[in-house]
Colleague: 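Let me give you the structure first, and then I'll get to my questions.
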Amino acid sequence: MARKKKELPLLEKVTITDVAAEGKALAKVNDLVVFVPYVVPGDVVDLQIKRKKNHYAEAVAVNFHEYSPKRAVPFCQHYGVCGGCKWQCLPYDEQIKYKQKQVTDNLVRIGKVELPEISPILGSAKTEFYRNKLEFTFSDKRWLTEEEVKADVKYDQMNAVGFHIPGAFDKVLAIEKCWLQDDISNQIRNAVRDYAYEHNYSFFNLRTQEGMLRNLMIRTSSTGELMVLLQCKITEESEMEQMKQLLAFIADKFPQITSLLYVVNNKCNDTINDLDVVVFKGNDHIFEEMEGLRFKIGPKSFYQTNSEQAYTLYKVARNFVGLTGNELVYDLYTGTGTIANFVSRQAKKVIGIEYVPEAIEDARVNSEINHITNTLFYAGDMKDILTQEFINEHGRPDVIITDPPRAGMHNDVINTILFAEPERIVYVSCNPATQARDLSLLDTKYKVVAVQPVDMFPHTHHVENVVLLERR
């Protein structure tokens, strides 16, 4: 006999007091800390507990008694369902205050290192349509909102293209308009969707691994170039013909696309790093520009998704580095070599290291097209390449710039940095928590002398942080 699920309590008239991690807010009820999405400090709400541990709980607001004076009206029709842009209910000037606090709290609580005064966060000039890349998923399992479920309507069309629903890996919310990327992105996605509906194309099922249409990636750039990559599962010749007919439709309807690509992916996941990308029309890349430098962006390339704020971020990093023209610089996790090439004019030599081979090829091309001759790039796992032998061969760096993924740096990498003993380290991070952990490990030889948060992602809890360390 199945055990009856314990009914969790309803907490009434609770005041939200602060903002927490992962875009949630928090309240305290007696000694219990409660995390709640889609509310802001000052809201007075009834909370339905969804999950409870000893000292904390997760809940949702089921009734509002008072709205906070800090609250903003969300502008997106998909707000609260798609799972992104959770801070639309918070005015932007309040968002960046909490991001500043997030950086400070992480560095103090986790890093436990001596800190200078942290500079005020640099906000994003654009808070809508600021991203240069989005990926949309096709699924034959359309997510129905609570309102749609309550209406008890039977829908003839259950295929959808949009974003994954958090906690439901095989369900996709059909997106009509997303405010993150230039509106051309909405036009392309909706046109592809309508064509697929009209011509009865099959949408992918993540559980059974059946269906043709899988993924649509759209990249825009500051140069006006436009990349579209269609990802399909193809098992029959007729499906290949269908895919090419769809691509021809896209090319005809959107002549402004400069790079129209496709990938045949018959694997169980959507990653394309190990797959061949085929050009259907145009180029296999687009370009970004920054201070007269041109950066080649391929379909597999990493590039900061907020182009304008990326420039702000890189300027902060370059100012922190303080180059005179005589320094050897190591740029770790260099991606397509953007930072490496950006600082190369002020350095004697820059060596970039990155895991993705295609990104390193782009980095080399970026140096070549910008007539930069003082860079070297290596592809491979950071902990395997950046070794004491590598440093003995290439020279001890005067400066190390590091911009690792969210997980931070491997301990072996940190130990090699300590062995290298550069005069300065500039640590760029998209996760102040793992950055703080790494700073505590570097603290034996390095002190933090400057901290500059930069907001790259309005309406989300994510924040970039640039830290300058100097040798003790």
Side-chain angles (χ1 to χ4, degrees), residues 8-52 55-106 109 118 120-131 145-147 163 165-167 173 178-180 306 309 431-433 453-465:
L8 294 169
L10 177 74
L11 307 176
E12 297 181 327
K13 291 192 175 180
V14 176
T15 301
I16 305 299
T17 56
D18 205 349
V19 167
E22 303 301 321
K24 295 176 182 176
L26 67 82
K28 287 188 178 178
V29 181
N30 299 322
D31 292 329
L32 185 68
V33 175
V34 187
F35 296 98
V36 192
Y38 308 117
V39 293
V40 302
D43 284 341
V44 180
V45 291
D46 293 341
L47 297 176
Q48 177 60 59
I49 300 293
K50 292 293 186 181
R51 186 166 170 257
K52 190 173 183 299
H55 300 294
Y56 77 93
E58 295 178 14
V60 293
V62 292
N63 182 42
F64 282 78
H65 293 278
E66 291 179 34
Y67 287 106
S68 168
K70 291 180 178 176
R71 176 170 277 275
V73 178
F75 49 82
C76 178
Q77 71 193 76
H78 305 296
Y79 173 77
V81 183
C82 108
C85 304
K86 289 178 181 171
W87 280 5
Q88 280 185 35
C89 56
L90 198 61
Y92 187 60
D93 59 345
E94 291 293 325
Q95 291 180 32
I96 58 176
K97 284 180 192 174
Y98 284 109
K99 291 187 181 189
Q100 180 93 19
K101 183 175 181 292
Q102 177 187 333
V103 169
T104 304
D105 288 351
N106 279 313
R109 181 173 54 84
I118 297 175
I121 189 169
L122 300 175
S124 177
K126 281 186 181 175
T127 59
E128 298 168 2
F129 303 124
Y130 62 85
R131 284 183 67 102
T145 65
E146 283 186 29
E147 291 75 16
F163 297 131
I165 288 290
L173 177 69
C178 178
W179 293 74
L180 285 172
N306 184 339
Q309 278 298 85
N431 186 347
V454 180
D455 185 30
M456 307 287 288
F457 312 105
H459 312 305
T460 77
H461 64 280
H462 298 293
V463 60
E464 293 271 344
N465 193 43

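Throughout, residue positions are numbered sequentially from 1 according to the sequence presented.
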Colleague: Any side-chain heavy-atom pair from Y130 and L180 closer than 4.5 angstrom?
Modeller: yes
Colleague: Got a donor-acceptor contact below 3.5 angstrom from the W87 side chain to the G23 backbone?
Modeller: yes
Colleague: Excluding sequence neighbours, so at least two apart, what forms side-chain contact (heavy atoms from CB on, under 4.5 Å) with F129?
Modeller: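 With neighbours one apart ignored, the set is K177, W179.
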Colleague: Is the backbone N or O of S124 less than 3.5 Å from a side-chain atom of Y92, with the two atoms forming a donor-acceptor pair by type?
Modeller: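 Yes.
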Colleague: Over all heavy atoms of both residues, which pair between F64 and Y38 is shortest? Give the atoms and the distance, please.
Modeller: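 Minimum heavy-atom contact is CZ-O, 4.4 Å.
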Colleague: If you compare all heavy atoms of V81 against all heavy atoms of P166, which two are closest, and at what distance to 0.1 Å?
Modeller: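 Closest approach of V81 to P166, heavy atoms only: O-CD, 4.4 Å.
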Colleague: Roughly how far apart are N306 CG and D455 CG, rounded to 0.5 Å?
Modeller: 8.5 Å
Colleague: What do you reckon, are the aromatic ring centroids of H459 and F75 less than 6.0 Å apart?
Modeller: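 Yes: the rings meet the under 6.0 Å criterion.
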Colleague: Ignoring hydrogens and geometry, is there a side-chain-to-backbone donor-acceptor pair from E66 to G42 under 3.5 Å?
Modeller: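 No: the side chain of E66 does not pair with the backbone of G42.
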Colleague: Can you tell me how far NZ of K97 sits from CG of L90, rounded to the nearest 0.5 angstrom?
Modeller: 9.5 Å
Colleague: Mark yes or no for whether D46, through its side chain, and N63, through its backbone, hold a donor-acceptor pair below 3.5 Å.
Modeller: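 Not a single qualifying donor-acceptor pair exists.
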Colleague: Locate the shortest heavy-atom distance separating P41 from Y98; write the atom from each residue and the value.
Modeller: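 Of all heavy-atom pairs spanning P41 and Y98, the closest is CG-OH, 3.1 Å.
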Colleague: If you take all heavy atoms of K99 and H462, which pair is closest and at what distance?
Modeller: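 Looks like NZ-O, 3.0 Å.
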Colleague: Are the side chain of D43 and the backbone N or O of V40 linked by a donor-acceptor pair below 3.5 Å?
Modeller: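 Yes; at least one donor-acceptor contact below 3.5 Å.
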Colleague: Kindly list each side-chain donor-acceptor pair under 3.5 angstrom involving residues 8-19, sequence neighbours excluded, with atom names and distances?
Modeller:
residue	atom	partner	partner atom	Å
T17	OG1	L26	O	3.3
D18	OD2	K101	NZ	3.4

Colleague: Checking side-chain contact (heavy atoms from CB on, under 4.5 Å) against I96, which of I121, V463, L122 comes through?
Modeller: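 So the option named by the test is I121.
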Colleague: What closest approach, in Å, do A72 and P91 show between heavy atoms, and which atom pair accounts for it?
Modeller: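 Between these two residues, the closest heavy atoms are CB-N, 3.8 Å.
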Colleague: Roughly how far, to the nearest 0.5 Å, is NZ of K86 from CD of Q95?
Modeller: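 Answer for the CD-NZ pair, Q95 versus K86, is 13.5 Å.
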Colleague: If every non-hydrogen atom of P458 is compared with every non-hydrogen atom of K126, which pair is closest and at what distance?
Modeller: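 So the minimum-distance heavy-atom pair works out to CG-O, 3.6 Å.
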Colleague: Evaluate whether atom CG of D31 has more than 12 neighbouring non-hydrogen atoms of other residues, nucleotides or ligands under 6.0 angstrom away.
Modeller: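 At most 12 heavy atoms, drawn from other residues, nucleotides or ligands, come within 6.0 Å of this atom.
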Colleague: Counting C-beta onward and ignoring hydrogens, is there a side-chain heavy-atom pair between Q309 and E464 closer than 4.5 Å?
Modeller: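 No, every pair of side-chain atoms sits at 4.5 Å or beyond.
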Colleague: Keeping N431 on the side-chain end and A433 on the backbone end, is there a donor-acceptor pair under 3.5 Å?
Modeller: yes
Colleague: Taking the side chain from E94 and the backbone from K70, do they hold a donor-acceptor pair closer than 3.5 Å?
Modeller: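 Flag not set: sc E94 to bb K70 has no pair under 3.5 Å.
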